[in-house]
Amino acid sequence: MPSFDAGAQPDRVRQLAEFLPECPPDGTSTGRGQAANLDDVDPFEEKSLMSTRPPFDAELEAILLSYPLDQQELGWLGPHELAAYRKMNTSAPDLAALEREGAVAISQRLIPGPEAGVELPVVIMHPTRGAGPWPCVFHTHGGGMVSGDEWELADTLARWVDTVGLVVVAVGYRLAPEHPYPVPVEDSYAGLTWVAEHAHDLEVDPERLIVFGSSAGAGLAAALALLARDRGGPRIAHQILQAPMLDDRSRTPSSTALHREGFWDAGANIASWTSYLGYAPGGPEVSPYAAPARAEDLSGLPAAFIDVGQVETFRDEALEYAMRLSAAGVPVELHMWPGAWHGFSTAAPQAALSQLAAAARIAYLQRVLG
């Protein structure tokens, strides 16, 4: 039996008009493609997609249930939770810990954005041992396109700098719903091109450029790979997509299976996509640079590492994207972590599965960069 109440979700979609600046409550045209009539949106219309979710990994389930209920509820994002969700996804970095006993040098700066007058914050991490030019990981943060900043996953990235020997550049892009598509992806692309143009100053090898992100950030990383290919932009060697947010259409079993359980349920996903697009998701006008799963041609893209939890909204679209990349001749390494919920390896790093996932990403980097 399905584990959600299909009737509860459309109300949450309708409420999104309250915090979407260009999507009025009456559902009239947004000025961005097709009119968004939120009263007509039913992401669960294809009832045949419903499926029974697999059980959570016992250790991960216990950790998830240990969080206060108000924190769990933020993972089921609704319009009234946006401010709290942003607060949860923003924290002051512990620079002393990130420096890893002097092994990592950290700096911050502002770089030019995609249009005049816009500056984007970046965090730059360098190894202090050895000599460049180094491989570079360009990081786009997660947070559902509506939250997060350039410090997300800083501890993981600092570990990569120290363990693998690479440079990290992490960009802070402008957030939806105040800045809907294409702003976040164009900000990210501006950051990527800045890295390529300043490779010498950054001691970066432009032939070993990697895009990486988790969740929404992984969706942006996949979009950057498409944009760089289609615009003749920076040459990306690899894309590391951790639980990627790729498809706005809610058309797979996993995209509709979770309702107020796990982290990032079906309603949160609809809320995020509506914020990012500025109108109701699922229509024919959505660009593949917004939702990479919509790209028809995946040939010529960089080699990919994709991993995803078995019990999360993005499972099926991640698996499908990996299969389509492989069919297009792109090298792919794929992991599905049994019983894992969205964001498990970041929110529960002490769990056995989280440690396996973290080790797999490092092993991939060491192998392809070695």
Q) Under a 4.5 Å side-chain heavy-atom rule over Ile, Leu, Val, Met, Phe, Trp and Tyr, are Val104 and Leu95 clustered together? A) yes

Q: List for me each residue that meets side-chain contact (heavy atoms from CB on, under 4.5 Å) alongside Glu101, sequence neighbours excluded, and say none if there are none.
A: none

**Q.** Ser272 side-chain N/O to Gly144 backbone N/O, donor-acceptor pair under 3.5 Å
**A.** yes

(Q) For Asp155, give me all partners under side-chain hydrogen bond (donor to acceptor under 3.5 Å, both in side chains), at least two apart in sequence or on another chain. (A) none

(Q) Could you check whether any side-chain heavy atom of Val183 comes within less than 4.5 Å of a side-chain heavy atom of Asp187, counting everything from C-beta outward? (A) yes

(Q) Rounded to the nearest 0.5 Å, what separates atom CD1 in Ile240 from atom CZ in Phe138? (A) 14.0 Å

Q. Under a single-linkage definition using a 4.5 Å side-chain heavy-atom cutoff for Ile, Leu, Val, Met, Phe, Trp and Tyr, are Val118 and Tyr181 assigned to the same hydrophobic cluster?
A. yes

Q | Distance (rounded to the nearest 0.5 Å) between Leu353 CG and His335 NE2 | A | 12.5 Å

Q. By side-chain contact (heavy atoms from CB on, under 4.5 Å), which residues pair with Thr156, not counting sequence neighbours?
A. Leu153, Trp160

Could you tabulate the donor-acceptor pairs under 3.5 Å formed by side-chain atoms of residues 302-310, not counting sequence neighbours?
unit_1, atom_1, unit_2, atom_2, d
Asp307, OD2, Trp337, NE1, 3.0
Asp307, OD2, Arg361, NE, 3.2
Asp307, OD2, Arg361, NH2, 2.7
Gln310, OE1, Gly339, N, 3.0

Q: Return yes if a side-chain donor-acceptor contact under 3.5 Å exists between Tyr276 and Asp248, otherwise no.
A: no

Q: Can you tell me which residue pairs pass the ring-ring contact (aromatic ring centres under 6.0 Å, His included) test with a partner in residues 228-252, sequence neighbours excluded?
A: His238-Tyr364

Q: Answer yes or no: is there a side-chain heavy-atom contact under 4.5 Å between Met125 and Arg100?
A: no

Q: Determine whether more than 12 heavy atoms belonging to other residues, nucleotides or ligands lie under 6.0 Å from atom CZ of Arg159.
A: no

Q) Going only through I, L, V, M, F, W and Y residues with side-chain contacts under 4.5 Å, is there a path from Val195 to Trp151? A) no

Q | Worked verdict on Ser188 versus Leu227 for side chain to side chain contact (heavy atoms under 4.5 Å, CB included) | A | CA-CA 11 Å; Ser188 300; Leu227 279 172; over 6 Å; no

Q. Between the side chains of His259 and Glu261, does any donor sit under 3.5 Å from an acceptor?
A. no

Q. In Å and rounded to the nearest 0.5 Å, what is the CG to CD distance from Leu157 to Glu150?
A. 12.0 Å

Q: Flag the pair Pro184 / Leu175 as yes when at least one side-chain heavy-atom distance between them is below 4.5 Å, and no otherwise.
A: no

Q. Roughly how far, to the nearest 0.5 Å, is CD of Glu312 from CG of Asp265?
A. 12.5 Å

Q) Any donor-acceptor pair under 3.5 Å linking the side chain of Ser66 with the backbone of Ile63? A) yes

Q: Determine whether Pro127 and Val167 make a side-chain contact, defined as any pair of heavy atoms from C-beta on separated by less than 4.5 Å.
A: yes

Q) Which residues pass the side-chain contact (heavy atoms from CB on, under 4.5 Å) test with Thr313, sequence neighbours left out? A) Ser255, Leu258, Asn269

**Q.** Contact summary for Ala221 and Thr140, nearest pair of heavy atoms
**A.** N-OG1, 3.8 Å

**Q.** Minimum side-chain heavy-atom gap Pro234-Thr193 below 4.5 Å
**A.** yes

Q: Check side-chain hydrogen bond (donor to acceptor under 3.5 Å, both in side chains) between Tyr189 and all other residues, then give those that pass, not counting sequence neighbours.
A: none

Residues 204-215 side chain polar contacts: donor-acceptor under 3.5 Å, at least two apart:
unit_1, atom_1, unit_2, atom_2, d
Asp205, OD1, Glu207, N, 2.9
Asp205, OD2, Arg208, NE, 3.0
Arg208, NH2, Pro133, O, 3.3
Ser215, OG, His342, NE2, 2.9

Q. Within the distance-only criterion (no hydrogens, no angle test), does the side chain of Asp247 pair as donor or acceptor with the backbone N or O of Glu317 below 3.5 angstrom?
A. no

Q) Do you reckon Val137 sits in the same ILVMFWY cluster as Leu192, going by side-chain contacts under 4.5 Å, direct or chained? A) no

Q) Are the side chain of Gln355 and the backbone N or O of Gln350 linked by a donor-acceptor pair below 3.5 Å? A) yes

**Q.** Within one Ile-Leu-Val-Met-Phe-Trp-Tyr cluster: Trp264 and Met88, side-chain cutoff 4.5 Å
**A.** yes

Q: Could you tell me whether the side chain of Arg315 reaches within less than 4.5 Å of the side chain of Val311, counting heavy atoms only?
A: no

Q. Is any side-chain heavy atom of Cys136 less than 4.5 Å from a side-chain heavy atom of Val169?
A. yes

Q. With Ala347, which residues qualify under side-chain contact (heavy atoms from CB on, under 4.5 Å), at least two apart?
A. Tyr67, Trp341

**Q.** Spatial distance of atom CG (Leu120) from atom CD (Glu186) [nearest 0.5 Å]
**A.** 11.5 Å

Q. Residues two or more places apart in sequence or in another chain: which of them pass side-chain hydrogen bond (donor to acceptor under 3.5 Å, both in side chains) with Glu320?
A. Arg251

(Q) Distance alone, cut at 3.5 Å: any donor-acceptor contact between the side chains of Thr274 and Tyr279? (A) no

Q: Sort and list the pairs that fulfil side chain to side chain donor-acceptor pair (under 3.5 Å) and have at least one residue in residues 105-129, not counting sequence neighbours.
A: Glu115-Arg174, Arg129-Asp162

Q | Side-chain heavy-atom pair Leu166, Val168 within 4.5 angstrom cut-off | A | yes

Q.
Just verifying a value: how many Å separate Ile236 CD1 and Arg229 CZ, rounded to the nearest 0.5 Å?
A. 11.0 Å

Q) Does Ser275 use its side chain to pair, donor to acceptor, with the backbone of Pro177 at less than 3.5 Å? A) no

Q. With ring centroids as reference points, do His179 and Tyr173 lie under 6.0 angstrom apart?
A. no

Q: Could you pull out all residues at least two apart from Trp194 that satisfy side-chain hydrogen bond (donor to acceptor under 3.5 Å, both in side chains)?
A: His198

